[in-house]
Protein chains: 2
Amino acid sequence: MTREKNDGPQGRPEFQIFKDYIRKKGLRYTPEREIILREIVNTGDHFDVDELYLRLRNKGERLSKASIYRTIPLLIDCGLIQEVYYEDGHMHYEFIYGHEHHCHLRCLECRRIDEFVEPSLKKIEDRLARKFGYRVVGHKLEVYGYCPECRKKLNLR
Amino acid sequence: MTREKNDGPQGRPEFQIFKDYIRKKGLRYTPEREIILREIVNTGDHFDVDELYLRLRNKGERLSKASIYRTIPLLIDCGLIQEVYYEDGHMHYEFIYGHEHHCHLRCLECRRIDEFVEPSLKKIEDRLARKFGYRVVGHKLEVYGYCPECRKKLNLR
DNA sequence: ATCATTGCAAAAGCTTTGCATAAGA
DNA sequence: TCTTATGCAAAGCTTTTGCAATGAT
């Protein structure tokens, strides 16, 4: 019986990736680290430290914010999450493993965020790599403006 | 005799734009505000608060960091500068007035930043506007990877 | 038995703010 | 004269860090 992507929380590849990363670095796979990753995997979206901390607290988990701050660089380093943007005085992160690479469209008024896939960026990357001699590994595109609702509300074109 | 773009510092349109903005808002055009804008215009590139503050101090200008922090939102609001990215624990800004809209290509190793113009993003904006019903006003694209020098140094493809 | 990790509280660093004084308009 | 702006220092926040205790391997 082969393990599938949704074969129970611990069967998800994210946990194996994290474990392998931790072991390879000679670190330790602790309950706290697993709890943090599980919460990120389960809610599978954007998050920030404070919000993640409160969510875990409300579920009765007892762990410190310091542990979250110390775990985040590890999760970034093994490619499970990434920084998305800095706003309201703190960083916002996003769970990316297994998600098709996407970009963000954000409303400047209500802060709603839509996601979109833009395949042509691959070509742009290639062109830049050639033109500047870079080894390109990724990009972040954020398009901003006003969402349909706020456009109406603000009487914009 | 018509005023040209480089007809002395005070003849540059940036100052007029800032003055008009200040007046329109019922604020006051102070020496401190002008000194800050002049430094940004003259160095015409990326900057952060601390660096700008030290540069002005070294030139013998006596003004406080608080004034810089209070002036920045005004300069953003009238479109003379913009936030570029948050790194090393603080925000980085960029002087944009009169600069062709460009995107950034950054080296993850040495932090070098190259700029490039990518006209196809206009089409992407239009497509998104139609598809999501947004009124799109701008975008930020950052492509990252390793510059030619660091590629060699790190032995990357 | 080792040595990394945790929680806590303190420290650090950037940014904001309260207040008395200065100074545009 | 009336208000806004400035400088300073304190406060506010997020994030980092030192340390003793804990726990993974």
Side-chain angles (χ1 to χ4, degrees), chain A residues 10 15-16 18-39 46-57 59-78 81-93, chain B residues 10 15-16 18-39 46-57 59-78 81-93:
Chain A
Q10 268 43 280
F15 295 90
Q16 200 53 56
F18 194 36
K19 264 183 206 158
D20 292 347
Y21 169 83
I22 290 280
R23 297 260 152 76
K24 194 186 66 196
K25 289 268 183 178
L27 306 177
R28 286 164 191 181
Y29 194 71
T30 63
E32 287 81 4
R33 287 177 176 165
E34 177 162 311
I35 286 168
I36 292 166
L37 175 56
R38 185 168 38 212
E39 182 62 22
H46 292 201
F47 66 93
D48 60 61
V49 170
D50 197 56
E51 175 203 313
L52 184 64
Y53 174 72
L54 291 176
R55 263 196 270 135
L56 286 168
R57 282 261 137 183
K59 289 186 178 177
E61 302 288 3
R62 257 190 310 298
L63 88 182
S64 68
K65 254 186 202 178
S67 290
I68 297 181
Y69 277 112
R70 286 189 271 229
T71 300
I72 281 178
L74 306 177
L75 294 171
I76 290 176
D77 199 34
C78 65
I81 68 172
Q82 74 180 179
E83 297 184 341
V84 219
Y85 51 83
Y86 184 86
E87 197 171 82
D88 297 323
H90 59 268
M91 189 54 76
H92 295 247
Y93 304 89
Chain B
Q10 266 44 278
F15 295 91
Q16 199 53 55
F18 194 37
K19 264 184 206 159
D20 292 348
Y21 169 84
I22 291 281
R23 297 259 152 75
K24 194 186 66 197
K25 289 269 182 177
L27 305 177
R28 288 164 190 179
Y29 194 72
T30 64
E32 288 81 3
R33 287 176 177 167
E34 177 163 310
I35 287 168
I36 292 166
L37 174 55
R38 185 169 37 212
E39 183 61 24
H46 292 201
F47 66 92
D48 59 62
V49 172
D50 197 56
E51 173 204 313
L52 185 63
Y53 174 72
L54 291 176
R55 261 196 272 138
L56 287 168
R57 282 261 137 184
K59 289 186 178 176
E61 302 288 3
R62 258 190 310 298
L63 88 182
S64 70
K65 256 188 202 178
S67 290
I68 297 181
Y69 277 112
R70 287 188 271 230
T71 300
I72 281 178
L74 306 178
L75 293 171
I76 290 177
D77 199 34
C78 65
I81 68 172
Q82 75 178 178
E83 296 184 342
V84 218
Y85 51 83
Y86 184 87
E87 197 171 83
D88 298 323
H90 59 268
M91 188 56 77
H92 295 246
Y93 304 89

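Side chains are part of it too, since the values below use all heavy atoms of this structure and drop only hydrogens, waters and symmetry mates. Everything quoted here is computed from the prediction, not taken from an experiment. Order of the sequence lines sets the chain letters (A, B, ...), proteins ahead of strands, with each chain counted from 1.
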Quick one: does A/His92's side chain have a donor or acceptor within less than 3.5 Å of a partner on A/His46's backbone?
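Not confirmed, A/His92 side chain does not pair with A/His46 backbone.
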Could you say whether B/Leu27 or B/Asp88 is positioned toward the 5' end of DNA chain C, judged by the nucleotide with the nearest heavy atom to each?
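Nearer the 5' end of the strand: B/Asp88.
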The criterion is side-chain contact (heavy atoms from CB on, under 4.5 Å); which residues satisfy it with B/Thr71, sequence neighbours excluded?
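B/Thr71: side-chain contact (heavy atoms from CB on, under 4.5 Å) contacts with B/Phe18, B/Arg33, B/Ile36, B/Leu75.
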Rounded distance (Å) that lies between atom [atom2] of [N] and atom [atom1] of [X]:
| X | N | atom1 | atom2 | answer |
| --- | --- | --- | --- | --- |
| B/Leu74 | C/dT15 | CG | P | 16 Å |
| A/Lys65 | C/dA9 | NZ | C1' | 14 Å |
| A/Arg28 | C/dA4 | CZ | P | 6 Å |

Please report how far the helix from C/dA1-D/dT25 to C/dA25-D/dT1 bends, comparing the axis fitted to its first five pairs with the axis fitted to its last five, to the nearest 10 degrees.
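Angle reported: 40°, given to the nearest ten degrees.
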Determine the minimum heavy-atom distance between [X] and [Y], stating which atoms define it.
| X | Y | answer |
| --- | --- | --- |
| B/Tyr85 | B/Met91 | O-SD, 3.4 Å |
| B/Phe15 | B/Arg38 | CZ-CA, 3.8 Å |
| B/Leu74 | B/Tyr21 | O-CE2, 3.8 Å |
| A/Gln82 | A/Ile76 | CA-CG1, 4.5 Å |

For B/Ile22 and A/Met91, find the nucleotide of DNA chain D closest to each by heavy atoms; which residue's nucleotide sits nearer the 5' end?
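Result of the comparison: B/Ile22.
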Pairwise 5' ranking along DNA chain D for B/Ala66 and B/Arg33, keeping only the more 5' one:
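In this pair, the answer is B/Arg33.
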B/Tyr69 side-chain N/O to C/dT16 phosphate OP1/OP2 under 4.0 Å
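For C/dT16, neither OP1 nor OP2 has a side-chain N or O of B/Tyr69 closer than 4.0 Å.
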Find out whether A/Phe47 and A/Glu39 are in side-chain contact, i.e. whether some heavy atom of one side chain is under 4.5 Å from a heavy atom of the other.
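Not touching, per the 4.5 Å side-chain cut-off.
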Terminal contacting nucleotides, 5' and 3', DNA chain D versus chain A (heavy atom, 4.0 Å)
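Using the under 4.0 Å cut-off, the span is D/dT14 to D/dT25.
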Pair A/Arg57-A/Arg62, side chain to side chain contact (heavy atoms under 4.5 Å, CB included): steps then yes or no
CA-CA 6 Å; A/Arg57 282 261 137 183; A/Arg62 257 190 310 298; 3.9 Å; yes
How would you label the contact of B/Arg70 with the nucleic acid (heavy atoms, under 4.0 Å): base, sugar-phosphate, or nothing?
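The residue B/Arg70 makes base contact.
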Taking donor-acceptor contacts at under 3.5 Å, does the side chain of B/Arg23 reach the base of C/dG24?
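Absent.
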